[in-house]
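Letters go in sequence order (proteins before strands), and every chain restarts at 1.
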Amino acid sequence: MDYNFRNIEQKWQQHWAKTDAYKVSNDRTKPKYYVLDMFPYPSGAGLHVGHPLGYIASDIFARYKRLKGYNVLHPMGYDAFGLPAEQYAIEHGIHPADSTRQNIATFEKQLNNIGFCFDWSRRVNTSEPGYYKWTQWIFLQLFGSFYDRSQQKARSIDALQAIFEKEGNQVHPCPGDAALVFSAKDWQSYDHKRRQEILMNYRLAYCGYGEVNWCEALGTVLANDEVVNGVSERGGHPVEKKTLRQWYLRITEYADRLLEGLETVEFSEAMKEMQTNWIGKSTGAEITFKIDSEQGTVPAFTAYTTRPDTIMGVDFCVLAPELSWVLDISSTEQRPEVEKYIAYVKSRSERERMAEKRITGCFTGAYAINPFDENKKIPIYLSEYVLAGYGTGAIMAVPSGDERDYKFAKYFEIPITNILGDLFDGENANPTKDAILVNSGMLDGLPMREAMEVVIDKLQAKGIGKRKTNYRMRDAAFSRQRYWGEPFPITWQDSVAVPLDEKELPLLLPKVDKYGPGPGGAGPLAAIDSWTDRHLETNTMPGYAGSSWYFLRYMDPHNTEAFCDPAASTYWNQVDLYIGGTEHAVGHLLYSRLWTKILFDLGFINFQEPFKKLLNQGMIQGSSRFVYRRHGTHEFISHGLIMGQQVDKIHVDVNIVDGVELDTAAFKQWKNGEFKDASFILEDGKYICGVEVEKMSKSKFNTVNPDVLVEKFGADTFRMYEMFLGPVEQSKPWDTKGIEGVHRFLKKLWRLFFEDEKGAIWTDEVPTKAELKVLHKTIQKVQTDTERYSFNTVVSAFMVCVNELTDLKCHKKQILMPVLIMLTPYAPHIAAELWQVLGGEGEILDAAFPEFNPQLIQESSKNYPVSINGKMRTSMEFPLDADKDSIQAAVLENEVVKKWVDNNPIKKFIFVPNKMINVVI
RNA sequence: GCCCUGGUGGUGGAAUUGGUAGACACGCAGGACUUAAAAUCCUGUGAUCAGCAAUGGUCGUGCGGGUUCAAGUCCCGCCCGGGGCACCA
C-alpha cells in the first residue's frame, strides 16, 4: 500500500470541513491562545510561495497549542481595499468589488489546499460594508477625540469644548498650532466656524494640507514607488509636488506612549529599534536667529538643534528650500540662483533628497546673526538635505561637529570654526559630546554636556529660545485621492467638517462608471454628482485603515451592534503570537498600536498593546527579471549592451522569461499592451534580462504559485518543505529543488506502517530501551524547538527519528502513535490517516501531546573531545560522574595526547564537565 | 544617505549559554534491484597535501585585526546581499 497523499489529503480536508473541526467558540472555560497572521491583500496574482511561510508557521503553532489543551483562535481574512484593484478597474473596467471577490475566492481555494486550521466562520474582509461600517465608526471616535496631555490619554472633544468654555486653552495648548492661545472669553466670542477651526487643530483625526506627488499627465497622485527618477513609472511623465487637503491622524501625540509600550511587548530588539528610530525622539533646543537681509522684511527664523552647546561653532545656516519666505530674504544678486534651486528641489522626491550623496545647495545672500555674538554674521543657504517637515525646517550648521555640515562647508568653501580644540583634526567632523569647548566666547572651558544646559538657560532667559523635545515622526497622512477605500463619514458644510450620525453608517461607496481621478487632483468620488450634491468628503481612507483594528473583529466578527463585544475582547485579549514580515515594521504595526491605545483610552477595550509577541517571518525572495528602456524612448536594450547608457530599469514578469531570455512577443502583449510599441536591441538574437534577488511580490512580477507544488507533492510535503527551508525569521530566495527530500521522508514514515508486499506491519510489541530513547529524544527536541519557533530543526528531528526507527526496524504502536501526535501540527493529513489506521481514539487534532521523560534518554558516559592548545586531536569516553583528576590522568596517558604533548610541560588542564577537555602546553 | 538585518561546503541549512564546524536534506559520484526506466535501497562527498590503504597533516564559517586555554558565536574596522524610509500592501 502506497502513500497516496492525494486521496488522504482530500479525505481529511473534507472530514474536517464537515465536522467543523476548526470552528472556535468563545468558550471561556479553557485557557485561550490567539495566533494571528498578518492578513493578505488578495492580489490578482493569487497566493505565491512567500505568503504561506508565515501561515504555515502560525498553523503549526496553533495546532501545537491545541494539542497542549488551549482554546486557540486562529483566523484569517483579507485586507481587501487597495490600489491594485483600482488600477485593474481603470484598465479593465471591472468593479474592484468584483475583482476582489474573485481574488478572494482564488486565495481561499489556494489556502485550503494547504490544509490550514483557520476558522473560516470568522473571516473578515475590510472592503465589505459590514466591516468598514466599523472602520468608519472608529474614525468617528478619532474625529470626536483629542489627546489630553495632562492626563496622557484620549478624551472626547465635547469635554474639551466644555473646558474652553470655562478656561480657554491655557491648560491644553494646541497641538496643531502652538501659537494659538485664547481665554474663555475669547472662546465665547468665537463663531461656530472659528470654533470648529480650532477644534480641528485638536482632533485625533483632522484635516490639514500636505504635499503629494502630482502627475499632471495621468491626472493623479502617485505613490513614492510609482515615481522613478522624477517621472512616473507608468508612461514616464513628469511628476511634481502639489499641496492638497488631506486627513491626518495625530499619532505624534502618542509618540511617548508608543515608545513606552515597546517595553511591554515581546518584539525583536531590531523591531523595537526600528520603531524607536522611526519615532525619532530627540531633545535639544529651538533657537531664534535674527536675519540680516536686503529686504529686512523677515526679521528672524527659528532653528531646531540637538546640540545647543555648539552654538558658537555655527558657521552657516541651512533652510529647507520649500519654506514660503525663502525668496523674501534672497538678495537681488542671488535671487535667480535661488529660484533655479527651488525649481530643482521641487522636482525631487523626498527619498531622492535624503539619498543624495552629491552636495547641492545655494546661497540666499542673507545672513543670520549669532544670538550670543552680534558681530558674527552667518551665511544662510538652502539645501535639499534639510526637510521642511522635520523640526522647524531650518538648521544651524556646525561643520566641526557634524559630518554633513562639514562636507557642505568644504564644498562651498565656508571657513570652519574649531570649537573642539585638539579633538578636531580639520579633516573630519567629530560628533563628540565630550570635548571642552574653545572659541566659544562665554562657553570657553566648559565641557559640552554642561554647556548644553547653560546655553538653554541663557536662551530662555533672553527669550530667544527654549528647551524642545522633537520627534522625527510626523502625523500620519490618512487620506487618498482614490475610489477603492473606505469613504469618510464626513460632510462639508460651509467649510466645516461635520460627522455623519452613527445611524447613517455604513456610508456605502457609490457605484461608479469610471475610476479615473476627479478634477484638480481630487479623488474619483469628486466626479460623482450624487456624492458631491451631499457635500460628502471625496477622499477615501488609506490601506492601513482597515488593517489597524482587524485583530479585534475576529473576536466577534458578526456583531452588528459593536465592532467587538467587550466580553469577547476581554476573553481573547491580546494576540499571543503575531506572525508577519518586517516590511510592516513601522507602518501597520505602529498604526495598529495607535488605534489600540486610542480604543483603550476611550474605554472600548481593556488592553493597550495589540500584539504580545511578534514573530517576523523572513521574506521568501523572488528572483526578479528586468528589462531596460532607453530613457525617454520605447527602445529596450538587452542587459549586456547597456554600457552606461541612461536606461529605465523595469520589472518584467518571470513567467514570460525563460531563464534570462525574454519572450519579446509575450512582452509586447503584457500589461494589456502597455509595451506594444517596444523595439528591442538584441544580443546574439536574444533579449537577455537582468536578474536580481528581491522581495517576492506581485508588483515585481516574480511570484511562484504553491498550487503546482501541492498538486505534485501534497500539502503535507509542501508545509514541511517551507519550514525545512530554514529559520522562519530568515529571508531566502525561493528554490523548489530540495522538496523531494521532504517528500521522501513522508514516504519513509509511511513504510514504518506499511510494506509493499506484506501490507500492514505495525505491532503491539513492547518497545525496547533504544526505541524509547529515540522517541523521547524526539519529544524533547520537537517540544523545545517548536516553542522557540525553530520549525526547520523540528523537521530534521522528525527525519532523524524516522531514520533511526527504520534502522531499529521499529514498527511498534507505542512508539509510532506519539510520533504521529507530534507530527500533527506539521503534517496533519498523513498523521490523521495513520492515526486512524492504528486505531487511535478520537480526533488526532485533540490528542494530548506526549509527555517527555528525561530518565529515558539519560546517558551514563560521554565521549569527550580532547584538544591540545584548543585544537581537537582525539576523543575519549568517560563516565559522567568521573572526577577531574582521574580524567586528567587518563588523558595524559593517551597515545595521541602523548604524541602532541611530546614531553612538554603541561601549563594548564581544562576540563568542562559534559563539554570538553583541553590540554594547554 | 539614514535605520534594521544577513553572509558557514556545489546548494538550503545545523551548531540553543564561547567548548568536537558542516546535523538534516538537496545535488553529484559509484553501486544494488530492473530487459530498461521510474521508484527504492546502500556507500562516498568542505578544500588541500602525503599514503596502495588504514590513516595522518594543513587550511577552513565574507575580509582585516583583537580578546580568550578555546571564537561561526564576543569586541573594533571594512566589503557585499536583502528589507524599510511615511501614497505598494
Looking at [X], does any N or O in its side chain come under 4.0 Å of the phosphate oxygens OP1/OP2 on [N]?
{"X": "A:Arg480", "N": "B:C87", "result": "yes"}
{"X": "A:Trp900", "N": "B:G57", "result": "yes"}
{"X": "A:Lys747", "N": "B:A39", "result": "no"}
{"X": "A:Arg744", "N": "B:C41", "result": "no"}
{"X": "A:Gln481", "N": "B:C87", "result": "no"}
{"X": "A:Arg751", "N": "B:C41", "result": "yes"}
{"X": "A:Arg873", "N": "B:U58", "result": "yes"}
{"X": "A:Lys748", "N": "B:A25", "result": "no"}
{"X": "A:Asn803", "N": "B:A25", "result": "yes"}

Could you check whether [X] gets within reach of a base, just the sugar-phosphate, or nothing at all, counting any heavy atom under 4.0 Å?
{"X": "A:Ser547", "result": "nothing"}
{"X": "A:Lys871", "result": "sugar-phosphate"}
{"X": "A:Asn792", "result": "sugar-phosphate"}
{"X": "A:Ile910", "result": "base"}

Please pick, from [options], the nucleotide with the shortest atom-to-atom distance to any side-chain atom of [X].
{"X": "A:Val586", "options": "B:G84, B:A86, B:C69", "result": "B:G84"}
{"X": "A:Leu83", "options": "B:U20, B:C41, B:A89", "result": "B:A89"}
{"X": "A:Val221", "options": "B:A89, B:C24, B:C87", "result": "B:C87"}
{"X": "A:Pro84", "options": "B:C88, B:A14, B:G57", "result": "B:C88"}
{"X": "A:Leu725", "options": "B:G12, B:U20, B:A86", "result": "B:G12"}
{"X": "A:Lys781", "options": "B:G19, B:U20, B:U16", "result": "B:U16"}

Problem set entry | Integer angstrom distance from the P of B:G10 to that of B:A47 | 7 Å
Problem set entry | Span that lies between the P atom of B:U68 and that of B:U58, in whole angstrom |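 It comes out at 24 Å once rounded to the nearest Å.
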Can you tell me the base-pairing partner of [N]? Count Watson-Crick or G-U wobble geometry only, both distances below 3.5 Å, and say none if there is no partner.
{"N": "B:G27", "result": "B:U45"}
{"N": "B:U40", "result": "B:A32"}
{"N": "B:A70", "result": "none"}

Exercise. Does the gap between the ring centers of A:Phe39 and A:Tyr550 come in under 6.0 Å?
Worked result: yes
For this session: Compute the centroid of each ring, for A:Trp549 and then for A:Tyr131, and state whether the two points are separated by less than 6.0 Å.
Result: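 Yes: the rings meet the under 6.0 Å criterion.
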Problem set entry | Closest-nucleotide 5' rank along RNA chain B - winner of A:Glu273 and A:Gly587 | A:Glu273
Exercise. Mapping A:Lys899 and A:Arg474 onto RNA chain B by nearest heavy atom, which one lands closer to the 5' end?
Worked result: A:Lys899
Problem set entry | Under-4.0 Å salt bridge between A:Arg480 and A:Glu86 |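 Salt bridge: no.
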Exercise. Should A:Glu216 and A:Lys242 count as an ion pair when the cut-off is N to O under 4.0 Å?
Worked result: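 No salt bridge links A:Glu216 with A:Lys242.
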Exercise. For the pair made of CD in A:Gln87 and P in B:C87, what is the distance, rounded to whole Å?
Worked result: 18 Å
Exercise. To the nearest angstrom, how far is A:Leu53 atom CG from B:G12 atom P?
Worked result: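 Roughly 16 Å, once rounded to whole Å.
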For this session: List the steps and the verdict of side chain to side chain donor-acceptor pair (under 3.5 Å) for A:Asn539 and A:Gln246.
Result: CA-CA 8 Å; A:Asn539 285 318; A:Gln246 303 277 13; 4.8 Å; no
Exercise. Taking atom types as they are modelled, is there a donor-acceptor pair under 3.5 Å from the base of B:C88 to the side chain of A:Glu583?
Worked result: no
Exercise. Is there a donor on the side chain of A:Asn918 or the base of B:C69 sitting less than 3.5 Å from an acceptor on the other?
Worked result: yes
Exercise. Can you tell me if A:Tyr248 and A:Ser479 form a side-chain donor-acceptor pair at under 3.5 Å?
Worked result: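 Note: A:Tyr248 and A:Ser479 side chains miss the donor-acceptor criterion.
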For this session: Tell me whether the guanidinium CZ or amine NZ of A:Arg472 lies under 6.0 angstrom from the six-membered ring centre of A:Tyr390 and within 45° of its axis.
Result: no
